[in-house]
2 protein chains.
Amino acid sequence: MLGISKSTVSRALAGRSDIHPETKKKILDLASQLQYEPNTLAINLKQQKTNTIGVIVPETINRFFARAVGGIQKQADMAGMNVMICQSNESYIAEKKNLHSLMSSRVDGIIVSISTETDRSDQFASLTEKGIPLVFFDRVFEDIVASQVVTNNYEIAMEGTEHLIQQGCKRIAFVTGPEHLFNSRARLNGYLDALRKHNLQVKDSYIVHSHYRSDKVEEYTRYLLNLPQRPDAIFAINDYAALEMIHIMKKNGLRIPQDVAVLGFNNENLCRFVEPSLSSIDHPAHDIGASAAEMLINHIRHHDMKPEKRIIKSSLIIRESSRVQ
Amino acid sequence: MLGISKSTVSRALAGRSDIHPETKKKILDLASQLQYEPNTLAINLKQQKTNTIGVIVPETINRFFARAVGGIQKQADMAGMNVMICQSNESYIAEKKNLHSLMSSRVDGIIVSISTETDRSDQFASLTEKGIPLVFFDRVFEDIVASQVVTNNYEIAMEGTEHLIQQGCKRIAFVTGPEHLFNSRARLNGYLDALRKHNLQVKDSYIVHSHYRSDKVEEYTRYLLNLPQRPDAIFAINDYAALEMIHIMKKNGLRIPQDVAVLGFNNENLCRFVEPSLSSIDHPAHDIGASAAEMLINHIRHHDMKPEKRIIKSSLIIRESSRVQ
DNA sequence: CCCGATCCCGGGAACGGTCTCGGAAAAATA
DNA sequence: TATTTTTCCGAGACCGTTCCCGGGATCGGG
């Protein structure tokens, strides 16, 4: 329309300097008048990058991941990047499909928190081979060389367990995730070492490996309550599970925390509003996500960066459900 | 490598018929051997479509939207489409930015649930002009001609209110969303008509317009409790708000439901586990999302479809918090 | 044996931009 | 005035596909 070549138009729109100010103005004016929008697809194809980061999380129904995704999106926003979110629904094959779809969408990098089913890392190895930056958070692999953001699982599980011990509890049950998940194991070790440190007997029957879904809570609660030596404290896998366990125990006439002290995980809002208020581990989900995104963006921009491991500190929040005295 | 033109390769990979089976096999074999992945960017550019649907929701921290997004993703998955999720964080300008970014990503269609701040629809009107299919769910506009999926807000608010009336409550407070949101108004009207039907006085001081965030709950709870004629029932905006309100009222020595009956909204899992268990409105989030996605996909595939309005029924779940007798 | 139909396949434009390169005009310098 | 430098712009290749079109080979019918 202006009798100007597309090269010049491209220069104007990209805001480059080798163009006459007057020509630039004419182009920009006409562009805004026509409501011209550059075709991102074409740009991405030419540039061989999409300016978007892919995310695979187990499920955003889980508030921890919803908050982490929030952190990722905020960080991406600040960097002018887009985010593509996939849910594995805690399924290994769905996770694999997600990965494939993100790769075929040519995302510039991927952030992953693996599903409970996932017990091998080969599908991610091929990513690093292809030079696609990869960052894991919270649920990570030990053996893969990739950047990761985790919390101090071991220490906080130890701290939580010691807190219960200090309240006088001697038979502390521990509900954690699947054994093959690194952070489940780390938490378990923290729990075990706390018991040993205080010369308490470790009983395997007090240890429950569950997945993070809610449909097994009733089952393992009944199991724990029917044990010959009923636990006098429970360190739960998350707050919702803790809440349901408390509900079941109350129905069975048990008092919380006098008969059974309970410690949750994630420090959801509801902890403050239930009765008794729920002690929990504050897990800085938003920060974890933001940190992972920050690392990934660095990897994307500087392809020679070495893998890095960041540890973000959780903290113990003590409320009524674990205050025995 | 095979001495075959790219046209033929394209034919083989696209699975078209005008190709010799033997040639096709050779190509497919080599492709899988080389782990060849077609470049989606190029395909999208050529086809002028991306096979992805964009979603804008207020925030996935809100479990209603997390579940709705789950429904959308499931439906998209079945149709072989991708999903791009954006969060407006209940902000009008963020929503506008999301919309812009989705459009520049050239999504084939968009599903929206508007933010609390959004009180005009012009930014969406331009979408329909450009022929991009658009479906609203839950939080919708009345005035815009577009497909939408909503629940029977009016009827269910009426039913909930009548339930409270039948329990003998006479001073029923109603907490709902901003006035400019259609479903807030629909719910309010259901509430008002229920009162009128049973010849109860409508008092404006019992009606609270809030947003869906949690940080105002304490404020309006105190307001309601300090009213000269304290309400004897509260119909809350969602379950988390109801939980917090119950917590505050208990601290003030009020008994639930004898002194104040409480009815929540969304029927979260926790409703069953709190004390007293929480009556609520079951809001079929997953179905709403799935239904919206189904409609959008239809619109994408058959561009001549007329806008359609679907209503999905919520249901009243009565538990202890509203059973007075 | 000839001719039209059918079956495969290759050439090349197109999608909508970016970017390199070269060259003309204008400005600066000799 | 002649030469060099700078400023600005256009031509055209390119990203990786799809798809239209045209043409050669094979086949069948008359």
Side-chain angles (χ1 to χ4, degrees), chain A residues 1-52 80-82 100-108 130-132 300-301 303, chain B residues 1-52 80-82 100-108 130-132 300-301 303:
Chain A
M1 289 177 61
L2 257 35
I4 287 176
S5 81
K6 57 176 182 170
S7 313
T8 310
V9 175
S10 174
R11 263 185 280 260
L13 262 25
R16 245 164 318 172
S17 58
D18 56 341
I19 183 172
H20 195 87
E22 199 176 315
T23 322
K24 185 173 173 179
K25 186 173 184 318
K26 268 197 291 188
I27 293 173
L28 258 34
D29 284 353
L30 184 60
S32 76
Q33 184 194 324
L34 295 176
Q35 296 203 36
Y36 169 83
E37 291 278 342
N39 187 322
T40 315
L41 260 40
I43 296 176
N44 289 346
L45 175 62
K46 178 65 190 179
Q47 314 268 28
Q48 299 290 73
K49 63 172 188 176
T50 54
N51 221 29
T52 87
M81 299 195 75
N82 289 104
H100 190 264
S101 114
L102 286 180
M103 287 183 57
S104 81
S105 293
R106 295 290 201 277
V107 294
D108 295 341
K130 288 182 183 155
I132 301 176
I300 291 171
R301 300 212 169 135
H303 253 272
Chain B
M1 289 177 62
L2 257 36
I4 287 175
S5 82
K6 58 177 182 167
S7 311
T8 309
V9 175
S10 173
R11 263 186 281 260
L13 263 24
R16 243 162 319 167
S17 58
D18 55 342
I19 182 172
H20 195 86
E22 199 177 313
T23 322
K24 183 173 172 178
K25 186 172 183 317
K26 269 198 291 188
I27 294 172
L28 257 35
D29 284 353
L30 184 63
S32 75
Q33 185 194 322
L34 296 176
Q35 296 203 37
Y36 170 83
E37 291 278 344
N39 188 322
T40 315
L41 259 41
I43 297 176
N44 289 346
L45 175 61
K46 180 64 191 177
Q47 313 268 29
Q48 298 289 71
K49 62 173 188 177
T50 54
N51 221 32
T52 88
M81 300 195 74
N82 290 101
H100 191 264
S101 115
L102 287 179
M103 288 185 56
S104 81
S105 293
R106 293 295 201 273
V107 294
D108 295 341
K130 287 183 184 154
I132 300 175
I300 290 172
R301 298 210 171 137
H303 252 273

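Below, read A as the first sequence line, B as the second, and so on, with proteins coming before strands; counting in each chain starts at 1. Just so you know, these numbers use all the heavy atoms, side chains as well, and skip hydrogens, waters and symmetry mates. Because the structure is a prediction, the values reported are computed rather than measured.
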Enquirer: What is the distance from CZ of B:R16 to C1' of D:dT17, rounded to the nearest Å?
Expert: 11 Å
Enquirer: Write down the distance between CD (B:E37) and C1' (D:dT17), rounded to a whole number of angstrom.
Expert: 14 Å
Enquirer: Quickly work out the B:L13 CG to D:dG16 P distance and round it to whole Å.
Expert: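 Answer to the nearest Å: 15 Å.
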Enquirer: Check whether the side chains of B:T8 and B:S5 place a donor and an acceptor atom closer than 3.5 Å, and report yes or no.
Expert: yes
Enquirer: Could you check whether B:N82 and A:S105, counting side-chain N and O atoms only, form a donor-acceptor pair closer than 3.5 Å?
Expert: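 Per modelled atom types, A:S105 and B:N82 side chains form no pair under 3.5 Å.
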Enquirer: Using atom NZ of B:K26 as one end and atom P of C:dC8 as the other, report the distance to the nearest whole Å.
Expert: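 My rounded result for the distance is 14 Å.
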Enquirer: Need one value for B:E22: base, sugar-phosphate or nothing, where a base atom within 4.0 Å counts as base even if backbone is also close, heavy atoms only.
Expert: nothing
Enquirer: In B/S/- notation, 5' to 3', how is nucleotides 5-11 of chain D contacted by protein heavy atoms closer than 4.0 Å?
Expert: ---SBBB
Enquirer: Determine: side-chain N/O of A:Y36 to OP1/OP2 of C:dG16, distance under 4.0 Å, yes or no.
Expert: no
Enquirer: In whole angstrom, what separates A:L45's CG from D:dA13's C1'?
Expert: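 So the CG-C1' distance, A:L45 to D:dA13, works out to 14 Å.
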Enquirer: Which distance, rounded to the nearest 0.5 Å, do you find between the CD1 of B:I4 and the NZ of B:K24?
Expert: 13.5 Å
Enquirer: May I have the distance from B:L41 (atom CG) to D:dT18 (atom C1'), rounded to whole angstrom?
Expert: 15 Å
Enquirer: If you measure from NE2 on B:H20 to CZ on B:R11, what distance do you get to the nearest 0.5 Å?
Expert: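 One gets 14.0 Å once the value is rounded to the nearest 0.5 Å.
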Enquirer: Does a side chain donor of either A:S7 or A:S10 reach within less than 3.5 Å of an acceptor in the other side chain?
Expert: no
Enquirer: Donor-acceptor pair under 3.5 Å: do we get one between B:K46's side chain and the base of D:dT18?
Expert: yes
Enquirer: For B:I43, which contact category applies under a 4.0 Å heavy-atom criterion: base, sugar-phosphate, or nothing?
Expert: sugar-phosphate
Enquirer: To the nearest 0.5 Å, tell me how far B:R106 CZ sits from A:N44 CG.
Expert: 11.0 Å
Enquirer: Run the salt bridge (charged side-chain N to carboxylate O under 4.0 Å, His left out) test against A:K49 and tell me which residues pass, sequence neighbours left out.
Expert: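 A:K49 satisfies salt bridge (charged side-chain N to carboxylate O under 4.0 Å, His left out) with no residue once adjacent residues are dropped.
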Enquirer: Given atom CD of B:Q48 and atom C1' of D:dC19, what is their separation to the nearest angstrom?
Expert: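 It is 14 Å, rounded to the nearest whole Å.
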Enquirer: What is the distance from CD of B:Q47 to P of D:dC20, rounded to the nearest Å?
Expert: 11 Å
